[in-house]
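Here is the structure we will look at.
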Amino acid sequence: MDRPAFEALVDRALDGIPDEIATLVRNVVVLVEDEPPDDEPDDLLGLYDGIALTERSDMDGGHLPDRIFVFRNPLLDYCDDEEQLVEEVRITVVHEVAHHFGIDDDRLHELGYA
């Protein structure tokens, strides 16, 4: 799948987040990268880089936006077909947005988003 089509899947996954949750996501940018950073596992599907809302204080204002990365090539390698890719992109986006809200990997696993 080419990059524009993949980015459209990420956009669709973001559009699927309920409005009552999406309106609480502030100062976050979602980026598609082909590969994870060199210091991360090659098969990493997504990454949240920021300060979770549950860990912020009044002193945390004025920072650059938090970032959510979705890694295209690991997701393409992980999935066998487009249907699975659509679902895994959705899970990855929800997983990383949940980190923005301070939900840890153990809880996400319990909820089926790990």
Side-chain angles (χ1 to χ4, degrees):
M1 175 177 291
D2 66 15
R3 189 175 181 97
F6 186 88
E7 288 175 351
L9 290 182
V10 173
D11 288 342
R12 189 171 2 156
L14 288 166
D15 289 343
I17 295 172
D19 289 340
E20 57 272 11
I21 294 172
T23 59
L24 299 173
V25 178
R26 292 193 179 102
N27 204 31
V28 177
V29 62
V30 177
L31 303 165
V32 172
E33 296 288 340
D34 285 335
E35 300 291 343
D38 290 336
D39 59 341
E40 296 289 346
D42 291 341
D43 60 352
L44 186 66
L45 305 181
L47 179 68
Y48 172 72
D49 178 38
I51 301 170
L53 294 178
T54 56
E55 297 176 14
R56 292 185 186 191
S57 72
D58 293 338
M59 304 304 291
D60 288 323
H63 292 279
L64 292 174
D66 291 357
R67 300 178 300 173
I68 291 174
F69 294 96
V70 179
F71 301 115
R72 187 172 75 94
N73 289 335
L75 276 157
L76 291 172
D77 290 343
Y78 182 75
C79 297
D80 295 325
D81 57 35
E82 189 169 332
E83 182 179 336
Q84 183 185 11
L85 181 62
V86 169
E87 180 63 10
E88 289 302 325
V89 166
R90 184 187 70 78
I91 289 170
T92 300
V93 167
V94 170
H95 180 106
E96 302 310 330
V97 168
H99 283 319
H100 176 66
F101 288 103
I103 301 172
D104 66 18
D105 283 332
D106 290 338
R107 182 66 179 134
L108 285 167
H109 183 72
E110 292 171 9
L111 296 170
Y113 291 102

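In this chain, numbering begins with 1 at the start of the sequence shown.
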Quiz prompt | Reported CG-to-NE2 distance for the pair Asp104 and His109, which is rounded to 0.5 angstrom | solution = 12.0 Å

Quiz prompt | Point-to-point distance, once rounded to the nearest 0.5 Å, from CZ of Arg12 to CG of Leu9 | solution = 5.0 Å

Quiz item: What distance do Arg26 atom CZ and His100 atom NE2 have between them, rounded to the nearest 0.5 Å?
Solution: 8.5 Å

Quiz item: Can you hop from Val29 to Ile51 via hydrophobic side chains spaced under 4.5 Å?
Solution: no

Self-check item: Residue list, side chain to side chain donor-acceptor pair (under 3.5 Å) with Glu33, at least two apart or on another chain
Solution: none

Quiz item: With Glu40, which residues qualify under salt bridge (charged side-chain N to carboxylate O under 4.0 Å, His left out), at least two apart?
Solution: none

Practice problem: Indicate yes or no: at least one non-hydrogen side-chain atom of Leu47 is less than 4.5 angstrom from one of His99. | Solution: no

Exercise. Treating Ile, Leu, Val, Met, Phe, Trp and Tyr as nodes and any side-chain heavy-atom pair under 4.5 angstrom as an edge, say whether Leu53 and Val93 lie in one connected cluster.
Key: yes

Self-check item: Option from Leu31, Leu45, Leu44 for which side chain to side chain contact (heavy atoms under 4.5 Å, CB included) with Phe71 holds
Solution: Leu44

Self-check item: Spacing of CG belonging to Asn73 relative to CG belonging to Asp34, to within rounding of 0.5 Å
Solution: 5.0 Å

Quiz item: Restricting to pairs with a member in residues 1-23, which pass ring-ring contact (aromatic ring centres under 6.0 Å, His included), not counting sequence neighbours?
Solution: none

Practice problem: Treat each ILVMFWY residue as a node, draw an edge where side-chain heavy atoms are under 4.5 Å apart, and state whether Phe69 and Met1 are in one component. | Solution: no

Quiz item: Are a donor atom and an acceptor atom from the side chains of Asp66 and Tyr48 found within less than 3.5 Å of each other?
Solution: yes

Exercise. Hey, could you give me the CZ/CD distance between Arg107 and Glu110, rounded to the nearest 0.5 Å?
Key: 5.0 Å

Quiz prompt | Over 12 foreign heavy atoms within 6.0 Å of CG, Asp39 | solution = yes

Exercise. Check the surroundings of atom CZ in Phe101: do more than 12 heavy atoms from other residues, nucleotides or ligands lie under 6.0 Å from it?
Key: yes

